[in-house]
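Okay, so here's the structure we're looking at.
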4 protein chains.
Amino acid sequence: MNIHSLHKIRLFSADLKRWVIKKLSRNSSDKYNLILNAAIKVFAENGFFYSTVSQIAREAGVADGTIYLYFKSKEDILLQFFNCRTQEVFDRFRTEVEKAGNAREKLVNLIRRHLEEFQHDRAMAIVFQSEARVKSRLNGRLDKYVKDLSKKYMDLVGEIIELGQAEGSIRKDVYISLAKRLVLGSVDEVISTWVNTGGHYDMASMAEPLVDLYFKGIGSTKTAAVQ
Amino acid sequence: MNIHSLHKIRLFSADLKRWVIKKLSRNSSDKYNLILNAAIKVFAENGFFYSTVSQIAREAGVADGTIYLYFKSKEDILLQFFNCRTQEVFDRFRTEVEKAGNAREKLVNLIRRHLEEFQHDRAMAIVFQSEARVKSRLNGRLDKYVKDLSKKYMDLVGEIIELGQAEGSIRKDVYISLAKRLVLGSVDEVISTWVNTGGHYDMASMAEPLVDLYFKGIGSTKTAAVQ
Amino acid sequence: MNIHSLHKIRLFSADLKRWVIKKLSRNSSDKYNLILNAAIKVFAENGFFYSTVSQIAREAGVADGTIYLYFKSKEDILLQFFNCRTQEVFDRFRTEVEKAGNAREKLVNLIRRHLEEFQHDRAMAIVFQSEARVKSRLNGRLDKYVKDLSKKYMDLVGEIIELGQAEGSIRKDVYISLAKRLVLGSVDEVISTWVNTGGHYDMASMAEPLVDLYFKGIGSTKTAAVQ
Amino acid sequence: MNIHSLHKIRLFSADLKRWVIKKLSRNSSDKYNLILNAAIKVFAENGFFYSTVSQIAREAGVADGTIYLYFKSKEDILLQFFNCRTQEVFDRFRTEVEKAGNAREKLVNLIRRHLEEFQHDRAMAIVFQSEARVKSRLNGRLDKYVKDLSKKYMDLVGEIIELGQAEGSIRKDVYISLAKRLVLGSVDEVISTWVNTGGHYDMASMAEPLVDLYFKGIGSTKTAAVQ
DNA sequence: AATGAATGAGGTTTCATTCAT
DNA sequence: GATGAATGAAACCTCATTCAT
C-alpha cells in the first residue's frame, strides 16, 4: 500500500457519493444543459483559460470524454454559451420592451430586465462580463455572437430612442449612436461593479434611477435651460 | 599611514567612483521598455493567453531567456503593464483635470485626454479593454492594479461632480455613485466600440458631445421640466 | 412503492455493484510499477539528475504524460522508490532476523539477506547507494525516508547487539552506537564496491566472513588477550 | 520608477558593500582557490545539481564569467575539488601514518587524521560524502579521482594490515580485502552520521575506540577464544 | 451513449556558457 | 584579466482530445 493507493481510496468515496447522487437525480437526457451549466460555473470561478475540461466534467458529474459527445471542444462550450444562452436572455428583453407603452417605460423595462437576468444568474453575469471582450483566437467565432448580440441590443435601444423622439419625450438633436453607447456602457458598468463587489445588493432597482439620469442628465435645470 | 597607503586609497576612490557611475548609468530601462512594448503589441494581437513568450521575444528582437532578466514571468509582463503604464497615463489625466476652471470643463478635459491617450496607443487600448476584466489567477495581483485605477478614476469623477454641485452646475439630487458609473461606463463603451471597429476614426472629438449628453440628458426640455 | 419503483431499485443496486467492482479491480498497480521499474533502471544508468522524464517514458513504453497520471513529478518517482520499495525490502530483513535463535545468527541472517536483496536487483542497489546521500532540495522529503530507514536498520542491529550482550556472546563494554556504525558502514561499503566493480560476483556469501570479523576482530588472539 | 527599478536600487547597496569588501580584502591572485572554496560552500548547502554558477560567483564575490577563466565548466569545479583538494588531504594521511611505529598506531593515526580533516572543514565533508557516489555523466572523470583516492586509501589500510600480520598484532587468517572495507566503511559511516546530525560533536576522539573495535571485535573473549 | 486512461504537442522557464566591452 | 547581459537549448509538466472498452 503506497501513497498512490491511499490517494485513490480517498477519491473512491467521493466518487461513490457523486455516482449515487447522479444516478438518483438525473433523467439522463439533459446532458447538454447539465454540462453547459457546469461549465459556466467553472468558468465563472476560474476564468475560461484557467478552467480545465476535467473540472467541468467533475462539476457536471460526467466523464471527461462525455463532454465531447455534446461539444466539439472546450472553446465550443463558451461559444454555445454566447450563442444560445444569451440569445434566450435577449429574447426576453424584447418581450419586456414590447410590454411598455412609451419610450421611457420601454427603456426602464429593458434595463430592469437586463439587470434582473444577470442578477438572477451571477455565474452567467461573470462569464459574460469577463470573457466577452477577451481578445483571443476564439475571436473569429466568438465575436460573431458577441457583436451580434451587442448590435441587437444597440438596435433595440436605438429604436426606443427614435420612438422617444417621435413621441417628443427625447430631444431630436441627440446624437443617437452616442446615446446608445451611453446606455449600454452604463448598464455594463453597473453590472461589472455588482459582480466585482460580490453581487450582494439589488441591482434591478437601479433601472429607474438610471433612466432618470439618462433623461434629465446631471446638469441643473437652470444650466440645462440656459444652454 | 605611508605614501604607499595613500596611493592605494586614491586608486580605491577612483575605482569606487567609476563603479557607481557605471551602475547608475546603465539604462536597463531601454530593454525593459523594448520588451514591454513588444509584449503589449503581441497581447493586443493574440490576447494574453494565446501569446507565447517566444512570440514576444521575436517581436522584441531578443532571445527568449532575455525576457526573464527583466520580468519574473509572462504574467509579470502584464502586471507591469497595468502597474506602470496605466499609472503614467492616469497621472496625465489628473494634470488635465487641474487645468480646467469649472466642473464641466474638467469633465471634458478628463474624457478628451482619456480618449486621446487610448487613441494614441491602440495596442495599449486593446490590451486594457480586453485583459483588465479577465477572471484569472492573475486576478489576485492584477485586480490590485485594475481596481485601484478604476477607483482613482471614479474618485476623480466624483470630485468633479461634487464641485459641479457646489458651483450649481450639477443637480444636488444626483445619485453620485450612479453618475460616476454613467461616465466611466460610457467612456469605456466608446473606447471598446472604437477598438472593435478598427480604430480608424477620431475618438477624442467625442468628449464634448458626451459631456453635453451627461449634462443635458436625452430628455426633451419639456419632458425634463414636467418631471 | 410500486413494481416500477422496485424494478428501478433492483437495477440501481446491480449498477452499484458493477461500479464498485470495476473501481476496485482496476489494477492500476501494473502501470505504476511498470513506470517505477523503468525509472529505477534509467536512474541507475544516468543518475537521477541526468535522467529525463522522456527517457523514463521511453523505457516504460508509455507517453511522457502518462507518467504524471501515476506520479506527481519526477522527484516523486524517486520518493516513491525510497518510500515503498525499500520499505518492502526492510520488512523482509526483519523476518529473516526473527528466524534466527542467537545474536550471531541473527546478524548473519540480516546481512546475508541485505546483500542478497541488493544483489538480486542491481538497479535498485545502484540507485539506493547513489541517490540516498545526495544533498538536494529533495532532501526535505527524501531524508524522511532515508533517515527513517537508516534508523530502523540501526535499531535492528542495536537490538541484536544487546541480545548478544545478554546472551554473553558479545562484550558488555562495547560502545553500541559505534558497533552499529561499524556494521552498517561495512555492509554499505561491501555493496558499494560490488556495484562499482560491475556486480559480477556473489556478495551474499560474504555475510558469514563479515560477521566473523565483527566478532573476532582483526587482532591476533594473543594481542587481544594482552590488551 | 517601476518595481523593476526599485529592485535594482535595493540590489545596488548590497552590491556596493560586496564590492568594497572585495576590493579591500583581496590580493587578487588566489582567485582559483577563492572560487573553489565558494563552490564547496555552495555545493555543501544545496548539492551540486541545485547549485548554480551564479550562486558560486556571488559567494566568491566575482562575476559569473570570471569563473570560466579558472574552470572549464561547473562540473570541472567539482572535478578539481576531488582532484586537488582531496589529494592534499590524502597526502597528509600518509605523513601521519609514517609517524607511527606499529600497525595499530598507524591505523589510529590514519583514522584520527581522517576524522580531524573532515571535522575541520565541514563543507568539504558534506560535498565529499554527498557527491562522491553520485551516478552521473561526471562519472567518467569523477570516478577516476574518487576511485583512485579510494584505492589509495584501501592500499594504505592494506599495507598497515600486512604490517600488523608481520608484527604479529593482526591475525594471519584475516580476509584482507574484507578488513579494508570494514575500516573504510565504518569511518565513512562515522563521518556521514556526524554530517547528518549537524557536526557538533568531536569526531576525532572516536579514532581510538574504533580501532579498538577493529582489533578486539565485538565478541566476548570467551566466545572469541572458543571459536 | 458513456467512460476515463492514455496520448503527445507545445508552453514556460532555467541556467550553463559566451563574448563584446 | 574581469565583467555580466545575453543567449538558446533543453527540461518538466499540463491538459485538450481521442478511442478502446
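Just so you know, these numbers use all the heavy atoms, side chains as well, and skip hydrogens, waters and symmetry mates.
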G-U wobble or Watson-Crick pairing nucleotide for E:dA20 (cut-off 3.5 Å, both distances): F:dT3

Nucleotide paired to E:dA1 in any strand shown, Watson-Crick or G-U, under 3.5 Å: none

Position toward the 5' end of DNA chain F (nearest nucleotide), C:Ser54 or B:Val62: B:Val62

Contact under 4.0 Å: C:Lys31 side-chain N or O vs E:dA6 OP1/OP2: yes

Pairwise side-chain contact, A:Phe48 with A:Glu75, heavy-atom cut-off 4.5 Å (strictly under): yes

Side chain of A:Lys74 - closest among F:dA6, E:dA6, F:dT17: F:dT17

Contact nearer the 5' end of DNA chain E, comparing B:Val53 with C:Ala63: C:Ala63

Side chain of B:Tyr70 (C-beta onward), nearest among F:dG1, E:dA6, F:dA6: F:dA6

Under-4.0 Å side-chain N/O to phosphate OP1/OP2 contact, B:Tyr68 with E:dT13: yes

Distance below 4.0 Å between D:Ser73 side-chain N/O and E:dA16 OP1 or OP2: no

Earlier contact from the 5' end, DNA chain E, for D:Asp64 and B:Asp64: B:Asp64

Phosphate-side-chain proximity, C:Thr52 and F:dA11, N/O vs OP1/OP2 below 4.0 Å: no

A:Asn37 side chain to A:Asn33 backbone, donor-acceptor under 3.5 Å: yes

Donor-acceptor side-chain pairing of B:Tyr32 and B:Gln80 below 3.5 angstrom: yes

Between F:dC15 (P) and B:Tyr50 (OH): distance, integer Å: 14 Å

Donor-acceptor pair, side chain of B:Ser130 and main chain of B:Ile126, under 3.5 angstrom: yes

Residue met sooner reading DNA chain F from 5', once A:Lys72 and B:Ile67 are mapped to nucleotides: B:Ile67

